Protein chains: 2
Amino acid sequence: MASKRRSRGRVDRDRDAAEVSLGPLGGYVGFALRRIQTAVFADFIAALGKLDLKPAQYSLLELVDANPGLRQWQAAAALGIQKANFVGLVRKLERRSLLQRRRSVADRRSYALHLLPGGRRLLAAARALHDEHESRLAGRLGSGGRERLLLLLRRLAAGVESAAPGGGRAASL
Amino acid sequence: MASKRRSRGRVDRDRDAAEVSLGPLGGYVGFALRRIQTAVFADFIAALGKLDLKPAQYSLLELVDANPGLRQWQAAAALGIQKANFVGLVRKLERRSLLQRRRSVADRRSYALHLLPGGRRLLAAARALHDEHESRLAGRLGSGGRERLLLLLRRLAAGVESAAPGGGRAASL
DNA sequence: TATTGTTATACTCTATAACTATA
DNA sequence: TATAGTTATAGAGTATAACAATA
């Protein structure tokens, strides 16, 4: 029940504070994608927070676990992070004795990344949290919904990749 | 063809630079969601760039168009932007004579937002670009894919909303 | 000459606290 | 007392340029 008055000059009459319409925005895939991704990511950050891990750190642990001896620049490229910004990320995990950098024999400019025992243990705990997170999402999607969503997202990826500033890129989740 | 040597001490033997495996990461919805959203968003930013508009600015124009006289705080809340960070956003559009702020009669603390003719014209052009962008995405999703994706994303939203730092939030696309 | 890792730097986005004027 | 808008500020994340060591 907002009181209505005449608007004069730069002054405005009332507007029902009721509901705000998204207008055409509500019908766009990109808009929905961004809104949902933001919320999902916030949930994931909160879950990983219990282990004092950030998404990019967790992703790096997974990546090194899946590719032992991965070069630093390869890891950066795979996660879509500039090599300059990658330095601090790797060093923080190194200081926590989660992973190790070893100079490569073949190319002494580069480092090879390897998980340390502590990194493997933390990764196991983080993956358990990630699995719980994923289960929450899957529960919302209904039977087969998770697989159908992944399929559709991969179709999208095939077309939009290499549109990002760095060419074919990834995200630091 | 990487040469293989024995690793000794902190030195590492070679690793085929071939392909980097994502490992378990590749199977998570959140990971796919983030990667694809990042790429789609970059494409959208590039499209809007032709009009010297950023996503958040465009969204605000759409929102005010759909809700004339919207209060500043309502717009900020609907777009998931802190009111403090919203000030600069509104002012930039005001300086470009795209929208106008009018003091509300009923509550003289607040501003009501209205599009100006220039804002309506720019919005029309931006919406055309957005529609092209959306068509590119829809083309990748196949017949009915767009609608199925929107449906799945909305199911996700229903569960994850209000997990974000600000409670029930939106994103500034 | 080109590449890997590094430093420094800047720009954007975001989050919070404190103030003002109004309510 | 509480709220709308504002200011100031600090923290992330990200992008580029330049350098040393190595190829």
Side-chain angles (χ1 to χ4, degrees), chain A residues 2-3 11-12 14-15 17 34 37-39 41-42 45-46 48-49 53-57 59-60 69-77 79-92 94 101-113 164-167 169-173, chain B residues 2-3 11-12 14-15 17 34 37-39 41-42 45-46 49 53-57 59-60 69-92 94 101-113 164-167 169-173:
Chain A
S3 61
V11 174
D12 208 79
D14 252 14
R15 190 177 182 287
R34 180 153 170 83
Q37 187 275 319
T38 300
F41 199 52
I45 289 173
L48 277 187
L53 259 193
K54 294 181 187 177
Q57 298 176 319
S59 295
L60 179 53
L70 192 68
R71 302 304 155 83
Q72 189 166 317
W73 69 266
Q74 291 179 307
L79 294 180
I81 299 175
Q82 303 291 323
K83 62 180 182 172
N85 300 325
F86 203 71
V87 176
L89 176 56
V90 175
R91 289 224 181 121
K92 239 171 237 169
E94 201 179 19
R101 293 193 294 175
R102 307 186 198 150
R103 278 290 178 191
S104 162
V105 169
D107 185 344
R108 293 166 35 78
R109 292 171 301 182
S110 66
Y111 284 114
L113 305 179
R169 291 266 270 45
S172 33
L173 170 68
Chain B
S3 59
V11 174
D12 210 79
D14 252 13
R15 189 176 184 289
R34 179 152 171 83
Q37 187 274 321
T38 300
F41 199 51
I45 289 172
L53 259 193
K54 293 180 187 179
Q57 297 176 319
S59 296
L60 179 52
L70 192 68
R71 302 304 154 84
Q72 189 167 315
W73 69 267
Q74 291 178 309
L79 294 180
I81 299 176
Q82 302 291 323
K83 61 179 184 173
N85 299 326
F86 202 71
V87 177
L89 176 57
V90 175
R91 289 226 182 121
K92 238 172 236 170
E94 202 179 20
R101 292 191 296 174
R102 306 186 198 150
R103 278 290 178 191
S104 162
V105 169
D107 185 344
R108 293 165 36 76
R109 291 170 302 181
S110 68
Y111 283 115
L113 305 179
R169 291 269 270 43
S172 34
L173 169 68

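In this text the structure is predicted, and so the values were computed from the model without any measurement. To find a chain, count down the sequence lines: A is the first, B the second, and so on, and within it residues start at 1.
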Those residues at least two apart in sequence (or on a different chain) that pass side-chain contact (heavy atoms from CB on, under 4.5 Å) with Lys83(A) are none
How many angstroms lie between NZ in Lys54(B) and CG in Leu60(B), if you round to the nearest 0.5 Å? 13.5 Å
So, using salt bridge (Lys or Arg N to Asp or Glu O under 4.0 Å) as the criterion, who are the partners of Arg109(A) when residues are at least two apart? Asp107(A)
In whole Å, what is the span from the CZ atom of Arg34(A) to the C1' atom of dT14(C)? 11 Å
If you fit an axis to the five pairs at each end of the helix from dT1(C)-dA23(D) to dA23(C)-dT1(D), how big is the angle between those two axes, to 10 degrees? 0°
Take nucleotides 4-12 of chain D nucleotide by nucleotide from the 5' end and write B, S or -, depending on whether a protein heavy atom sits under 4.0 Å from the base, only from the sugar-phosphate, or from neither. BBBBB----
Closest approach of Gly69(B) and Ala112(B), non-hydrogen atoms and distance? O-CB, 3.4 Å
Do Tyr111(A) and Arg103(A) have a side chain donor and acceptor closer than 3.5 Å? yes
In whole angstroms, how far is the C1' atom of dG5(C) from the CD1 atom of Ile81(A)? 15 Å
Mind checking whether Gln72(A) and Val90(A) have side chains closer than 4.5 Å, heavy atoms only? yes
Could you pull out the closest heavy-atom pair between Ile45(A) and Pro55(A), with the gap in Å? CG1-CG, 3.6 Å
Gln82(A) CD to dA18(D) P: how many Å, rounded? 16 Å
Send over the distance from Arg108(B) CZ to dA21(C) P, rounded to a whole Å. 12 Å
If you compare all heavy atoms of Ala56(B) against all heavy atoms of Leu79(B), which two are closest, and at what distance to 0.1 Å? O-CD1, 4.3 Å
